[in-house]
Amino acid sequence: MKENQTHDKKSLRAVSGKTADFDEIAKDCVAFANRDGGHLSIGIEDNQELPPDKQRVSETLKETVVKRINERTINVAIIPCVVTAENGGEYLDLEILQSVVSIASTTKGGYFIRDNDESKPIAPDELLRAITDKPSYSWETKVTLKYKVEQCDLNKLDRLIEKIRNSDRVSTFVKEKSTDEILEYYSLVSDDGFLTNLGVLWLGTQPQRARLLYSPTVQFIRYDNGGNKVFKQVWDDYTLNPDELLTAIWNGIPDWREINEVSDGLWRKEIPAYDEKVVREILCNSIAHRPYTTRGDVFINIYPDRMVVVNPGRLPLGVTPNNILRTTVKRNKELSRLFYALHIMEGEGSGYDLMYETQLSLGKSIPMVKEGDDYVTVTVERKIVSKEASRIFDYLQYAYPEVVGHQKSMIAFGLILQEEIISAELLSKKLQLHESDRLRSYVDILCSKNIVLTRGRGKGTKYYVNPEIISNSKANIKTTLKTIEPYRLKELILQDLKYHPHSLVSEMSVRLPDISFTELQKHVRKMAITGEVAYEGGRKYRRYSLP
């Protein structure tokens, strides 16, 4: 069991004897409650998968832990259970339920939230946002309009049930349920037979959906090179459910079917201006993850060189543009579950991975996410950064099918290919990873197959694509000095100083633009120490020449 966003491990010493730290346990419980809930396994060490085989947890200890947590927390509900592991050892499993309506806290006034495998404090300026945003997490399962199932749009109901029963993402157990049971399973109907807000959104008639606050409305606007509006289309009549709305938007905007042509030997290869998988995923996110307690239209703005989707409301608490690739928070869980079952969107936490992989495989920039005061924008560039990237990705699909199936590796490969050579630190930053050791899950397969080569060690490690991959793929990659070997760079420096003695490093950098200034400066200084080049002047304005 690995520690993650929904699971943490604690030693039994954390709740017994002089080493007991119930404040720390309370903090973790609050963090889980403010996220999606989770499990705290007390009695398993951080570096172990199982408890000691002779370990036993008494009922007295279980009661003590529950009592101490209740004394130290507010709005936290836990379910304790003593579990016997497969090796015979026992540990205390605390299931922390999600605090759906209110914000959980410690009795000392501490507010925390779970972020991957850490419990982080909620900043004071985020606390008000957390309180006001909380109702949006329970909106979909509430009943605000008293409509029975019999009053819904029966055609939409029949189509939904048919799609669920034909979906390969739905288990046989669910498919065999009756229509009423399926509606309850997906929270479309409450226990007393009324349509929930989600039920009205999906199955309601036009007047019913129009009365629902706030059903999504979408505006598409096309701009010319001068930033002037040249075309506008609006979906605001509330006749379509989310599935129908997404289909209508995709089919109704011809801009997304435009193509860019790139040379492919004797032929021309067509690359979509905006790939369907990327567009659909962004639109799905705008419908599935928006706060339905906030008024506002979704804007799809198309410019000559980019697409910008503007969504009302901010990102869920704990998600930022800098961690959106690795952090998953579903504001509307039941709507997301239905989207996944119907093949409308990808599974949990894989949407942005899919967009990154698709964009990079086409030689394009990754989507850019920005958060405003009350909106979120996602920008997708139309232009192709690397015209040969798609050829190289096609070659990998043929030569290394086992690697192509590893999405993380393909994302890392695409970033390395675009940068030509990139440090481990910068690659981790682009992948939104906190620690460099987590980078291994992205690059280990690439390195083991010699698809990507490395230079340096530790934090100084740099990654670049194996030249043989580029050669075998017949890609017409422009020659660059960025990946030049250190011994060749040394010869290049000596050759430059032969023609241009008494040069500053900055002057050499202008003549060798492919070499980064930092890399060039490091090599020149090393050569000065070993006596391979001579220098004069202070460290800041030092000039170099041949000895």
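Here, residue 1 is the first one in the sequence, and each next residue gets the next number.
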Worksheet item: So, are K526 and E532 salt-bridged, with charged N and O less than 4.0 Å apart?
Response: no

Worksheet entry | Any side-chain heavy-atom pair of K232 and Q219 under 4.5 Å | yes

Worksheet item: With a cut-off of under 6.0 Å to the ring centre and 45° to the axis, is R455 in cation-pi contact with Y463?
Response: no

Worksheet entry | Donor-acceptor contact present, side-chain N228 to main-chain D224, <3.5 Å | no

Worksheet item: When you check the gap from the basic side-chain N to the acidic O, do K449 and E402 get nearer than 4.0 Å?
Response: yes

Item to complete: Could you check if a side-chain atom of I287 sits within less than 4.5 angstrom of a side-chain atom of F339, using non-hydrogen atoms only?
Response: yes

Practice prompt. On the 0 to 90° scale, with breaks at 30° and 60°, tag the F393-F413 ring pair as parallel, tilted or perpendicular.
Written response: perpendicular

Worksheet item: If we only count heavy atoms from C-beta on, is the V298 to V310 side-chain gap below 4.5 Å?
Response: no

Worksheet item: Hey, are H7 and S41 close enough side-chain-wise for a donor-acceptor pair under 3.5 Å?
Response: yes

Item to complete: Decide salt bridge (charged side-chain N to carboxylate O under 4.0 Å, His left out) for E357 and K408; before the verdict, give the C-alpha distance in whole Å, the side-chain angles of both, and the deciding distance to 0.1 Å.
Response: CA-CA 8 Å; E357 181 186 20; K408 286 184 175 181; over 6 Å; no

Worksheet item: Under a 4.5 Å cut-off applied to non-hydrogen side-chain atoms, are R222 and K229 in contact?
Response: no

Item to complete: Would you check if T379 and P367 make a side-chain contact, meaning some heavy-atom pair closer than 4.5 Å?
Response: no

Worksheet entry | R488 and E491 ion-paired at < 4.0 Å | no

Item to complete: State, with a plain yes or no, whether a side-chain heavy atom of H523 is found less than 4.5 Å away from one of P486.
Response: yes

Worksheet entry | Carboxylate-amine/guanidinium contact D373 R314, below 4.0 Å | no

Worksheet item: Could E140 and K333 be called an ion pair, given the rule that one side-chain N must be under 4.0 Å from one carboxylate O?
Response: no

Worksheet item: Taking the side chain from D8 and the backbone from L40, do they hold a donor-acceptor pair closer than 3.5 Å?
Response: no

Practice prompt. Compute whether any side-chain donor of one residue and acceptor of the other, for H343 and D168, lie under 3.5 angstrom apart.
Written response: yes

Item to complete: Taking the side chain as every heavy atom from C-beta outward, state whether Y375 and K370 have any atom pair closer than 4.5 Å.
Response: no

Practice prompt. Specify the closest pair of heavy atoms between L245 and V218, including all atoms of both residues, with the distance to one decimal.
Written response: CD2-CG2, 4.1 Å

Worksheet item: Does N241 use its side chain to pair, donor to acceptor, with the backbone of E244 at less than 3.5 Å?
Response: yes

Practice prompt. Identify the heavy atoms of Y464 and E420 that sit nearest to each other, and give their distance.
Written response: CB-O, 3.2 Å

Discussion item. Is it true that S423 and E425 share a donor-acceptor pair across their side chains at a distance under 3.5 Å?
Written reply: no

Worksheet entry | Stacked cation flag R440 on Y442, 6.0 angstrom / 45 deg | no

Discussion item. In terms of relative ring orientation, are Y356 and Y352 parallel, tilted or perpendicular, with 30° and 60° separating the classes?
Written reply: perpendicular

Discussion item. Quick check: do F231 and Q233 have side-chain heavy atoms less than 4.5 Å from each other?
Written reply: yes

Worksheet item: Taking atom types as modelled and ignoring hydrogens, do the side chains of D28 and S119 form a donor-acceptor contact shorter than 3.5 angstrom?
Response: yes

Discussion item. Distance to the ring centre below 6.0 angstrom and angle to the axis at most 45 degrees; does that hold for R306 and Y303?
Written reply: yes

Worksheet item: Is there a donor-acceptor contact under 3.5 Å from the side chain of R35 to the main chain of Q98?
Response: no

Worksheet item: Side chains of S503 and R511: do they bring a donor and an acceptor to under 3.5 Å?
Response: yes

Fill in: Verdict with supporting geometry, S545 and L497, side-chain contact (heavy atoms from CB on, under 4.5 Å)
CA-CA 6 Å; S545 303; L497 292 178; 5.9 Å; no

Discussion item. Check this for me: K490, atom NZ, are more than 12 non-hydrogen atoms of other residues, nucleotides or ligands nearer than 6.0 Å?
Written reply: no

Item to complete: Tell me whether the guanidinium CZ or amine NZ of R543 lies under 6.0 angstrom from the six-membered ring centre of Y535 and within 45° of its axis.
Response: no

Worksheet item: With a cut-off of under 6.0 Å to the ring centre and 45° to the axis, is R280 in cation-pi contact with W256?
Response: no

Worksheet entry | D297 (side chain) donor-acceptor with F299 (main chain) under 3.5 angstrom | no

